[in-house]
Amino acid sequence: MFADWALASLHHLAIFTLAATLAAELALLTIDVDAKAIGRLARIDMAYGLSATAVVIVGIARVIWGAKGYEYYMANHIFWTKMVLFAIVGLLSIAPTLRYLGWRKALRADAAFRPATAEVARMRIYLWAEAAFFLAIPVAAAAMARGYGMAN
Ligand code: HEM
């Protein structure tokens, strides 16, 4: 019972941190993306990666050591839907991460560097798509936790 509570708490804390980093990146991409903003984006994206890793590790720990036992989740198709949704969010996050690193590199070569407006707009689309898939995950989680999606 204690492990289940502790892991559930950590899962939620990591998820809220992840959501906050996503929101912060979106906010930074709506203002002028100058050198300061690029530095912040790169650092926030690192926090994004770390919190996503924490969500995965704690999530897997919940599957193994949670109150219901791993067989429950293996047989639940909404759990697998949730995993696919999370994988999509992860895949969508690759392009923005690579862009921020590219911008930082360009900035080192030229202190006056600013990313093109169209490129920033494209990154915003990636982030909004991530947010849309991300929002579907707690809906799936609440369903799977209550027995929806069981094979029989
Ligand atoms: C590899 C990634 C993940 C794994 C393995 C995982 C696994 C789990 C497990 C085992 C539970 C316990 C469900 C129960 O009480 O029976 C859970 C609950 C939950 N998960 Fe995840 N999770 C992952 C990622 C995420 C993400 C990215 C989010 C949010 C965007 C999320 C949101 C939730 C929520 C809100 C609950 C509580 C559901 C409820 O009790 O109503 N999970 N997760």
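Indexing begins at 1, ligand by ligand and atom by atom, following the structure's order. Remember, predicted model here, so these are calculated numbers, not experimental data.
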Sub-4.0 Å atoms of ligand 1 with respect to non-hydrogen atoms of R62
9 (C), 10 (C), 11 (C), 12 (C), 15 (O), 17 (C), 18 (C), 19 (C)
Ignoring hydrogens and geometry beyond distance, is a side-chain donor-acceptor pair present between E25 and Y126 at under 3.5 Å?
no
Pick one: which of V58, V56, I57 meets side chain to side chain contact (heavy atoms under 4.5 Å, CB included) with I60?
V56
Between A52, A141, G69, S51, which one has a non-hydrogen atom sitting closest to atom 36 (C) of ligand 1?
A141
Please report, to 0.1 Å, the donor-acceptor pairs under 3.5 Å made by any side chain of residues 73-97, with sequence neighbours excluded.
unit_1: N76; atom_1: OD1; unit_2: I78; atom_2: N; d: 2.8
unit_1: N76; atom_1: OD1; unit_2: F79; atom_2: N; d: 3.0
unit_1: N76; atom_1: ND2; unit_2: Y148; atom_2: O; d: 2.8
unit_1: W80; atom_1: NE1; unit_2: M74; atom_2: O; d: 3.0
unit_1: T81; atom_1: OG1; unit_2: H77; atom_2: O; d: 2.8
unit_1: S93; atom_1: OG; unit_2: G90; atom_2: O; d: 2.7
unit_1: T97; atom_1: OG1; unit_2: D45; atom_2: OD2; d: 2.6
unit_1: T97; atom_1: OG1; unit_2: S93; atom_2: O; d: 3.0

Within ligand 1, which atoms have a heavy atom of F86 less than 4.0 Å away?
1 (C), 2 (C), 27 (C)
I need the contact type for F134 against ligand 1. Using non-hydrogen atoms and a strict under-4.0 Å cut-off, is it side chain, backbone, both or neither?
both
Any side-chain to backbone donor/acceptor pair from R146 onto A142? Under 3.5 Å, distance only.
yes
Of all the non-hydrogen atoms in the protein, which one sits nearest to atom 37 (C) of ligand 1, and at what distance?
H12 NE2, 3.7 Å
Does any non-hydrogen side-chain atom of Y100 lie less than 4.5 Å from one of I38?
no
Element-labelled atoms of ligand 1 that are located less than 4.0 Å from some non-hydrogen atom of K68
14 (C), 15 (O), 16 (O)
For ligand 1, indicate whether the residue I15 contacts it via side chain, backbone, both or neither (heavy-atom separation under 4.0 Å).
side chain
Using a 4.0 Å cut-off to any heavy atom of I60, which atoms of ligand 1 qualify?
5 (C)
For atom 5 (C) of ligand 1, the protein heavy atom that lies nearest, with its residue and separation
G59 C, 3.3 Å
Considering non-hydrogen atoms only, spot the tightest contact between A42 and R104 and give its length.
CB-NH1, 3.5 Å
What protein heavy atom is closest to atom 41 (O) of ligand 1, reported as residue, atom name and distance in Å?
R146 NH1, 2.7 Å
Side-chain heavy atoms of F134 within contact of I15, under 4.5 Å:
yes
Subset of ligand 1 atoms that lie under 4.0 Å from at least one heavy atom of V55
24 (C), 25 (C), 26 (C), 27 (C)
I'd like a table of donor-acceptor pairs (distance under 3.5 Å, sequence neighbours excluded) in which one partner is a side-chain atom from residues 105-115, with atom names and distances.
unit_1: D110; atom_1: OD1; unit_2: A112; atom_2: N; d: 3.0

What's the shortest distance from atom 28 (C) of ligand 1 to any protein heavy atom, and which residue and atom give it?
I137 CG2, 3.3 Å
Proximity winner for atom 21 (Fe) of ligand 1, if only heavy atoms of M144, K82, M83 are counted:
K82
Any heavy-atom pair between the side chains of W103 and V33 that's under 4.5 Å?
yes
Considering only protein heavy atoms, which is closest to atom 40 (O) of ligand 1, and at what distance to one decimal place?
A145 CB, 3.7 Å
Closest protein heavy atom to atom 13 (C) of ligand 1, given as residue, atom name and distance to 0.1 Å:
Y73 OH, 3.4 Å
Tell me whether Y72 contacts the main-chain N or O of G147 through its side chain, where contact means a donor paired with an acceptor under 3.5 Å.
yes
Polar-atom distance check: H11 versus ligand 1, any N or O pair below 3.5 Å?
yes
